[in-house]
Structure formats: structure tokens, C-alpha cells
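Remember, it's 1-based here, ligands and their atoms both numbered in the order they're listed. Just so we're clear, the structure is a prediction, and the values are computed from it rather than from any experiment.
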Amino acid sequence: MPIALIIHGGAWNIPDEQVDAHVAGCRAALAQGWGVLAAGGSAIDACEAAVRLLEDDPTFDAGTGSVLTSAGVVELDAAIMDGSTLHYGAVANVRCLRNPITLARHVLVGPATFLAGEGAEQFAAAQGLPLCANSDLIVPRERLLWEHWKASQATPEGESHHKSEAQAVGGHDTVGAIALDQTGRLAVANSTGGTPFKHPGRIGDTPLIGCGLYADGRVGGAVCTGWGEAITRVALARRAVELLERGLPPQSAAEIAIRTLGRAVPGGNGGCIILNPQGRIGLAWNTRRMAYAYQSERTEAVWGC
Ligand code: ASP
């Protein structure tokens with residue numbers, strides 16, 4: 001089977017001076033995940049490895065470097081789904097973990113499928129995952145942006161995503177990956193700190209199955225990024241996979257899904273990456289930029305922002 005991997009590093013008005021860092025991060029994650037797949041590793045392992053690297057890169061709004069809530073702390077959401085079994089693991093409102101994607105991976109094994117807040121952290125500790133202080137996840141750039149939002153008395157949640165898209169203030173560099181391994185298994189993963197100045201406890205699309213991500217090994221997988229409230233309203237990832245079910249090629253499915261997002265929700269903005277079991281890739285966004293990188297046995301590595 002042809003191996004393939006696609007990474008996204010967020011869709012928004014990424015400022016010119018941040019483009020190189022976004023591309024470098026996506027390329028590094030691609031190399032990391034590709035190494036796993038090329039060595040015969042599973043799609044789930046490749047997704048986890050790629051997303052972990054992005055969570056550790058402070059450029060992105062995931063793990064270290066995430067945006068802050070209106071209360072000035074980091075709250076992380078992540079999910080991973082195995083398209084060959086339809087099993088998934090999701091976590092939300094996690095405050096004390098550098099790599100929530102690894103916690104989601106542990107949740108995937110069961111017995112629960114989605115854990116949030118304190119219970120998720122208790123589960124992490126019971127699984128032997130290293131916990132950290134919330135302040136360990138906060139970088140000076142995000143503390144400064146939080147002060148900006150606080151001074152402007154911004155409205156939290158989606159509103160802030162919307163405003164920052166126009167003003168290029170604050171990041172939405174959620175990260176995600178889709179992998180296809182040598183045995184034909186397909187997996188998807190997504191991880192985020194959410195939207196800048198979000199209400200404490202707010203959960204966007206990223207960890208919600210069918211919204212921020214979905215994988216069905218028979219037809220393909222989709223991972224989304226952007227304004228979470230809008231993406232959730234249209235269940236964008238499931239919608240994109242449904243387009244694959246109807247026989248559309250991945251690129252057309254990605255374009256139609258993003259067009260639907262923009263039409264269905266006023267100001268609905270974001271991006272979507274897709275991979276099918278034949279290793280074909282699709283990607284589309286209606287924001288100014290989306291950071292991405294991909295590679296398959298059909299193409300050399302490609303990246304952009
Ligand atoms: N979709 C994420 C959220 O709303 C943000 C992003 O993709 O950048 O939480």
C-alpha cells in the first residue's frame with residue numbers, strides 16, 4: 001500500500017513574519033511522521049508523533065505556545081481517531097499536559113472515549129503521563145497577546161477568532177495530521193489551545209469527532225481548523241468524508257467542504273485537509289493562509305503557507 005501523510009498548522013491570517021516558522025514546523029512534523037510510516041509504523045503512531053512535535057513547537061496554538069483563555073490560562077483540546085476501527089480518543093480542557101495528543105491516544109484504548117478537565121488529568125496521571133504546571137505551557141508572545149485582548153475588552157470565543165482574522169492579532173495555529181500506513185490503515189489527529197481569549201471551559205471543533213476530524217478507513221479522513229463554533233455547526237469533517245463517500249476526489253471534497261462552511265455560517269472561516277485510502281490528498285482554506293506539508297509515495301514532499 002502507498003504510505004501518505006498530510007499535516008496542517010492552522011488556517012488564519014498568518015502574518016508574513018510568521019510564515020517561515022509555520023512552514024518549518026509543518027515540514028519537521030512531516031519528516032517525523034514520515035519516518036514512522038517509512039519504518040513500517042502505524043498510521044496512529046505517525047499521527048501522534050507528528051502532532052507531538054507540533055505541540056512542542058511554540059509557534060503553534062497547541063501544547064506549549066497555546067493561546068490563553070480570558071482567565072489567562074492554557075486549556076488544551078485534542079483527539080485522535082483510527083479509521084480502520086472507528087475508535088477514537090478525545091480530551092478537552094486539559095491544563096497540565098505538554099502533549100494532550102498522547103493523552104487522547106491513551107483514551108482511545110478505552111474504556112471512555114472523551115475525557116475533560118480534572119478527570120482527564122487524573123487519567124493521565126494514572127497512565128503515567130508526565131504532568132506539568134500550566135505556566136510551563138505559556139510563552140511570552142501569548143502572555144502579551146492576552147494583555148492586548150484584556151485591554152481591548154474583547155468578546156471571547158468565536159467572536160475573537162473572527163476579529164483576529166481581520167486584525168491579524170493572535171494565533172489559530174491548531175495542528176493536525178492524517179496518515180496512511182503500509183497496511184492501508186488511516187488515522188487522523190488534531191490538537192489545539194483553542195481561540196484566543198476564549199471563555200474558560202469553551203471547547204471548539206478540534207476534539208469533536210465529525211467536526212474537527214473524522215476518519216473512515218474505507219473512504220478517507222478529514223481534519224479541520226479555523227473558527228471552531230462555525231466548523232462545529234456544520235459538522236465539517238464528517239461532511240467532507242461524506243463527499244468522499246459520494247465519489248468526489250479529495251481535492252474537490254476539500255474545496256466544497258470549505259465553500260459550505262463559508263456559505264452556511266456568516267464569516268465561517270477555516271481550512272480542511274483530506275487523505276483517501278489510495279494516498280490522494282486534498283486541501284482547501286478560505287482564510288488568508290493555511291500552513292501545511294504533505295508527502296505520499298505518489299509525490300515528493302510539498303509544503304506551503
Ligand atoms: N478550531 C480551533 C478552535 O476553534 C481553532 C483553530 O483551528 O485554530 O478551537
S.K.: How far does CZ of R263 sit from CD1 of I256, to the nearest 0.5 angstrom?
M.R.: 9.5 Å
S.K.: Check whether the side chains of R288 and N13 place a donor and an acceptor atom closer than 3.5 Å, and report yes or no.
M.R.: yes
S.K.: Any atom of ligand 1 sitting under 4.0 Å from a heavy atom of G226?
M.R.: yes
S.K.: Using a strict cut-off of 4.0 Å, indicate which atoms of ligand 1 neighbour a heavy atom of T225.
M.R.: 6 (C), 7 (O), 8 (O)
S.K.: How long is the span from the CG atom in N93 to the CG atom in D77, to the nearest 0.5 Å?
M.R.: 6.0 Å
S.K.: Could you give me the CA-CA distance, side-chain angles and deciding distance for T195 and V67, then say whether side-chain contact (heavy atoms from CB on, under 4.5 Å) is met?
M.R.: CA-CA 7 Å; T195 48; V67 301; 5.7 Å; no
S.K.: Give the atoms of ligand 1, by number and element, whose distance to some non-hydrogen atom of G194 is under 4.0 Å.
M.R.: 9 (O)
S.K.: For ligand 1, is there an N or O atom under 3.5 Å from any N or O atom of D61?
M.R.: no
S.K.: Would you mind telling me if ligand 1 is within reach of the side chain of T174, the backbone, both or neither, using heavy atoms under 4.0 Å?
M.R.: both
S.K.: Under 3.5 Å, N or O to N or O, is E229 touching ligand 1 that way?
M.R.: no
S.K.: Quick check: does I231 get an N/O under 3.5 Å from an N/O on ligand 1?
M.R.: no
S.K.: Does any N or O atom in W227 lie less than 3.5 angstrom from one in ligand 1, N or O only?
M.R.: no
S.K.: Step through it carefully: locate the ring centre of W303, locate the ring centre of Y294, and say whether they are under 6.0 Å apart.
M.R.: no
S.K.: Taking a cutoff of less than 4.0 Å between a non-hydrogen atom of the residue and any ligand atom, is R202 in contact with ligand 1?
M.R.: yes
S.K.: Over 60° means perpendicular and under 30° means parallel, so tell me whether H22 and F60 are parallel, tilted or perpendicular.
M.R.: perpendicular
